[in-house]
Amino acid sequence: MIEIDIFKRTKILAMATYNLNVNGTTREVNVDPDTPVLWVLRDALNLVGTKYGCGVASCGACTIHLDGKAVRSCAVPVSAVADQKITSIEGLSENGDHPVQEAWREHDVPQCGYCQAGQIMQAASLLDSNSKPSDADIDAVMSGNLCRCGTYNRVRAAIKTAAKLS
Amino acid sequence: MQENNIPQLDRRSFLKISSLVSGGLVLGFTWGSCTKPEDIIAMPNEWFDMNGFLQIGDTGMVTIMSPNPEIGQNVKTSMPMVIAEELDIPWKQVIVKQAPLNTELFKRQVAGGSQSLRQGWTSLRTAGATARQMLVNTAAKQWEVDAATLKTDNGYVLNANGEKLGYGELASAASGMDVPSSEEVKLKDPKDFKLIGTEVSNVDIDPIITGKPLFGLDYVEDGMVYASVMRPPSFGSSLVSFDDGKAKAITGVLDVVQFGDKVAVIASSTWAAMKGKKALTAEWKSDNLESTENHNKILKGFLDGNKFQTLRQDGDVKKAFAEADKVIERTYEAPFLPHNCMEPLNFFAYVTDAKVKLVGPIQTPARTASRVAKLLERDLKDVSCEMTRMGGGFGRRLYGDFALEAAEISSLTGKPVKLVYSREDDMTAGIYRPSTKYKIAASIKDNKITGYHLKEAAINSNMSKRICNFFPAGAIENYQVDVAKYKSNITTGAWRAPVTNFLSFAEQSFFDELAEEMGVDRIQMHLDLLKKVEGNTDESIQYLPQKLAGVINLVVDKSGWRKAKEGVYQGFSVYYCHNTYVAEVADVVIVDGNPVVKKVTCAIDCGIVVNPLGALNQVEGGVVDGIGHAMYADFRFENGRANHENFNTYRMIRMNEAPVVEAHFVKNYDNPTGLGEPTLPPAGAAVANALVKAGQERLYKQPFIQSIELVG
């Protein structure tokens, strides 16, 4: 009986309530404190644009912005967010018309498309801090984003176009 | 010689169906083109079915079903384009929907073998042309004229007086017309194509770049639970016992069920399921734990021995070798490769008494539905399968093992289950590209190649009878292909361009060395060999020598071969596979003392290029994939376990390492052949051959990084 009590209490204590700023709106979630923001977005908030690729911050598919800076959401526990602003791909623009998204259309970048939200979020962050990135700059910032289909050349071209459009 | 026959046309798909499959639409529709408000045509009030592939709305909007699974090869755009072309409507009036599995309406709903366009070409065109004819016949009736006096143009039927009727106006009556006979239905002359051959954006570009639900992992349903499965940690292990106490204590974990050697943790969220799985402990017993070291010994033993199955034997290689001035022999080695689709394996299944609902990323929906029915002892007609968009396939999702797991778990729990693999689960779940070794020997007499003996030693499976009839079969008088395999408990299967993904490297590196040994020009040597094949009446030869020569000449022209700038080292490779011909030249430069692959120029003959934008993506993708794995993929086994489980240790090609890729297509009106795989096989050898020119040693093993320093 004591065993069951301990488990029950453990279960109740494990969940916590967070009020997160997601894409400009306050959203309340009730999740385990160690839940990565990736899974809070995908499962608790049904925002599935942010993708799971590896869970160890090595592929970039989960890239979001925290206070405008690109981070790997699989490696950020929800308990560490506090009142930082979370921007996911769904919130990058109102109408899908961020310069990076426009450039992505122009170059028809995607193949399977799975890594692309992460690529776009990383690229948007790059252009935010560097409006005229060189090839070396692009290499340095984007090489954390894996594309299994090999759209790298188009990603690069789209970033350069987006730089012009910004 | 022949190329593989296209199967007989089947009229099922374009017979009039009373209603398009409706209940199956998973995640909405997408516009054919990027929409601008002024281009938008009004949403129809009513839709009329023309056939299993298309509906026309009363405003002239057209819904086209894309039949095949979409893995990133963009058939979701190109297959509807073919229908739209023959229907004769503007692309901006098209909505594309992913068709669910429907074996009545659609043939071969498979993504594999680079065959979607090639095998669908005639039936897709006929579907569009038949609907067009029905519209023409309807207009003819209305105008009371002979149908032969009418034309169509971009969604209108026109008569000899210049009057026109839009497809939208005609659709209602047209859908009630008799289906015209095949004699009545005329396909366009490819020279008159207006849409095919033009650049058309990916139909899913908007949802992709705005994060809309599209992929298997994105699918949700009310009441759905998540499953994370513990599987044997090594190949050769089986489950003795397990403890789920800690797992069940985790918030969100609902249940734990064993099935065979596996244990599924069921939870209310993905994270809880994954945590639950990590909290399981288990005892395993191991039977036969295999290692790469042992495989190497066994495979090398095969190559050095004489126990082979002979797949093809022309002339007498033994005699040719005995009489030769010189015999060159080389051994080439490649590891297992995991597929590593960017979207990890996952699948949804809901098994109830009434039906079995399957939703997810699968390259073989028909076969998988069948296997699920068999597993659950259910009637196939109770099983439905909707294909979501896939975050990559590469051959891994040909195998519905994960769908069977999801179905079994749903059956055991009675719940709608989304099975999710972690990346570690995915990389260790098997069905790898098999580890393979080639020994190639050639005899040279009077500075001509007189004999060619190819030996393959591989894990689990050997090349098909088709592949042994590729080049250089027919080009060398004494030619023999021998194969041997070792049955391992490490599971293997098709990996993008199966067999040819490494055989091409071995062969094209070998020919490079032969040319060097013989002191002849590499290109000329190849062209001379191909000349010998022209006029060969052997019907088993799979390739057309003039097409291989065609891409060789085109790549020479476009790559600056023999005219490279100082410091640019070029390597050449040419290959036929999956009915398509590809020649590649890789440019390597030295940067800070290290070789860098700067550019790869490709020449391709795939017949009519349906969508140049999509085609270019496939060409680039195949090259980058081929080079990336050839250079970096180091995957080995010890005690039945792989040395890598995730991308933090397993190296894959990244943006800073990817070369620029240029593609040039041979212009002709031949029926289209595929592009999903063909540019991958030649890529590795093109790079390896360039590296030699750049002063590096010859590479006989993949990954290259085992032998040389490679930097992006």
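Each chain gets a letter, A, B and so on, in the order the sequences are listed, and its residues count up from 1. We use all heavy atoms of the structure for the numbers below, so side chains are in, but hydrogens, waters and symmetry mates are not.
- Residue A:D32 comes nearest to B:K275 through the heavy atom pair OD2-NZ, 3.2 Å, listed as atom of the first residue, atom of the second, then distance.
- For B:K598, the NZ atom sits in a loose shell: 12 or fewer heavy atoms of surrounding residues, nucleotides or ligands are nearer than 6.0 Å.
- Highest contact tally toward chain A, considering only B:F647, B:Y226, B:W271, is held by B:W271 [criterion: heavy-atom pairs under 4.5 Å].
- For the atom pair CZ (A:R156) and CG (B:N656), the distance works out to 8.0 Å, reported to the nearest 0.5 Å.
- Of all the heavy atoms in A:Y114 and B:P344, the pair that sits closest is OH-CD, 3.9 Å.
- A side-chain donor-acceptor contact under 3.5 Å links B:R389 to the backbone of A:C112.
- Only the side chain of A:R42 comes within contact range of chain B, with at least one heavy atom under 4.5 Å from a heavy atom of that chain.
- For a residue to count as touching a neighbouring chain, one of its non-hydrogen atoms must lie under 4.5 Å from one of that chain's; by this rule B:V623 does not touch chain A.
- Between the NE2 atom of A:H107 and the OG atom of B:S201 there is a distance of 11.5 Å, given to the nearest 0.5 Å.
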- Item | Residues A:Y152, B:E620; criterion side chain to side chain contact (heavy atoms under 4.5 Å, CB included); working and verdict | CA-CA 9 Å; A:Y152 296 128; B:E620 281 196 31; over 6 Å; no
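- A salt bridge is absent between A:D139 and B:R654: the closest approach of a Lys/Arg side-chain nitrogen to an acidic carboxylate oxygen does not fall below 4.0 angstrom.
- With hydrogens and angles disregarded, a donor-acceptor distance shorter than 3.5 Å links the side chain of B:N646 to the backbone of A:C54.
- Closest of all the heavy-atom pairs between A:Q101 and B:I209 is NE2-O, 2.8 Å.
- Comparing A:T35, A:I138, A:I120 by how many heavy-atom pairs each has under 4.5 Å with chain B, the most go to A:T35.
- Residues B:S269 and A:D43 have side chains that never bring a donor and an acceptor to within less than 3.5 angstrom of each other.
- Heavy atoms closer than 4.5 Å to chain B are found in the backbone of A:V109, but not in its side chain.
- Here A:Q116 contributes atom CD and B:N202 contributes atom CG; the two are 9.5 Å apart, rounded to the nearest 0.5 Å.
- Both the backbone and the side chain of A:W104 come within contact range of chain B, with heavy atoms under 4.5 Å apart.
- Contact of B:Y650 with chain A is not made at all, since no heavy-atom distance falls under 4.5 Å.
- Summarising the geometry of B:I208 relative to A:G113, their closest heavy-atom pair is CG2-O, 3.6 Å, with the distance given to 0.1 Å.
- Of the listed residues B:I653, B:T210, B:N74, the one with more heavy-atom pairs under 4.5 angstrom with chain A than any other is B:T210.
- Between B:V624 and A:G150, the closest heavy-atom pair is CG1-CA, 4.0 Å.
- Most heavy-atom pairs under 4.5 Å with chain A, from the set B:G391, B:G622, B:G392, B:G211: that is B:G211.
- The closest side-chain heavy-atom distance from B:R423 to A:Y52 is below 4.5 Å.
- For the set A:S143, A:G144, A:G55, A:C149, the count of heavy-atom pairs under 4.5 angstrom toward chain B peaks at A:S143.
- Residue B:M427 does not touch chain A at all, counting heavy-atom pairs closer than 4.5 Å.
- Heavy atoms of B:V220 lying under 4.5 Å from chain A belong exclusively to its side chain.
- Contact annotation for A:N95: neither backbone nor side-chain heavy atoms come within less than 4.5 Å of a heavy atom of chain B.
- Residues A:V48 and B:K212 fail the side-chain proximity criterion, which asks for heavy atoms closer than 4.5 Å.
- In this structure, CD1 on A:I159 lies 5.0 Å from CE on B:M655, to the nearest 0.5 angstrom.
- Contacts of A:E90 with chain B are made by both backbone and side-chain atoms, with heavy-atom separations under 4.5 Å.
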- Task: Tell me, with the steps shown, if A:Q111 and B:Q73 meet side chain to side chain contact (heavy atoms under 4.5 Å, CB included).
- Result: CA-CA 6 Å; A:Q111 289 186 38; B:Q73 84 286 47; over 6 Å; no
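- Both the backbone and the side chain of A:L146 come within contact range of chain B, each with at least one heavy atom under 4.5 Å from a heavy atom of that chain.
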Show me, pair by pair, the donor-acceptor contacts under 3.5 angstrom made by side chains of residues 19-28 of chain A, not counting sequence neighbours?
| residue | atom | partner | partner atom | Å |
| --- | --- | --- | --- | --- |
| A:N21 | OD1 | A:G24 | N | 3.4 |
| A:N23 | OD1 | A:S88 | N | 2.8 |
| A:N23 | ND2 | A:S88 | OG | 2.9 |

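- Both tests hold for A:R148 against B:F394: distance to the six-membered ring centre under 6.0 Å, angle to the ring axis within 45°.
- Between chain B and the options A:N153, A:I89, A:T50, the largest number of non-hydrogen pairs under 4.5 Å is found for A:N153.
- Within 6.0 Å of atom CG in A:N30, more than 12 heavy atoms from other residues, nucleotides or ligands are found, so the atom counts as buried in its surroundings.
- Without hydrogens or angle criteria, B:N617 side chain to A:T151 main chain gives no donor-acceptor distance under 3.5 Å.
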- Item | Check against side chain to side chain contact (heavy atoms under 4.5 Å, CB included), A:C59 and B:M342 | CA-CA 9 Å; A:C59 78; B:M342 213 56 227; 3.5 Å; yes
- Item | side chain to side chain contact (heavy atoms under 4.5 Å, CB included) between A:D108 and B:E199, worked out | CA-CA 10 Å; A:D108 199 50; B:E199 293 187 341; over 6 Å; no
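- Looking only at heavy-atom pairs under 4.5 Å with chain B, the residue among A:G96, A:A61, A:C147, A:P110 that has the most is A:P110.
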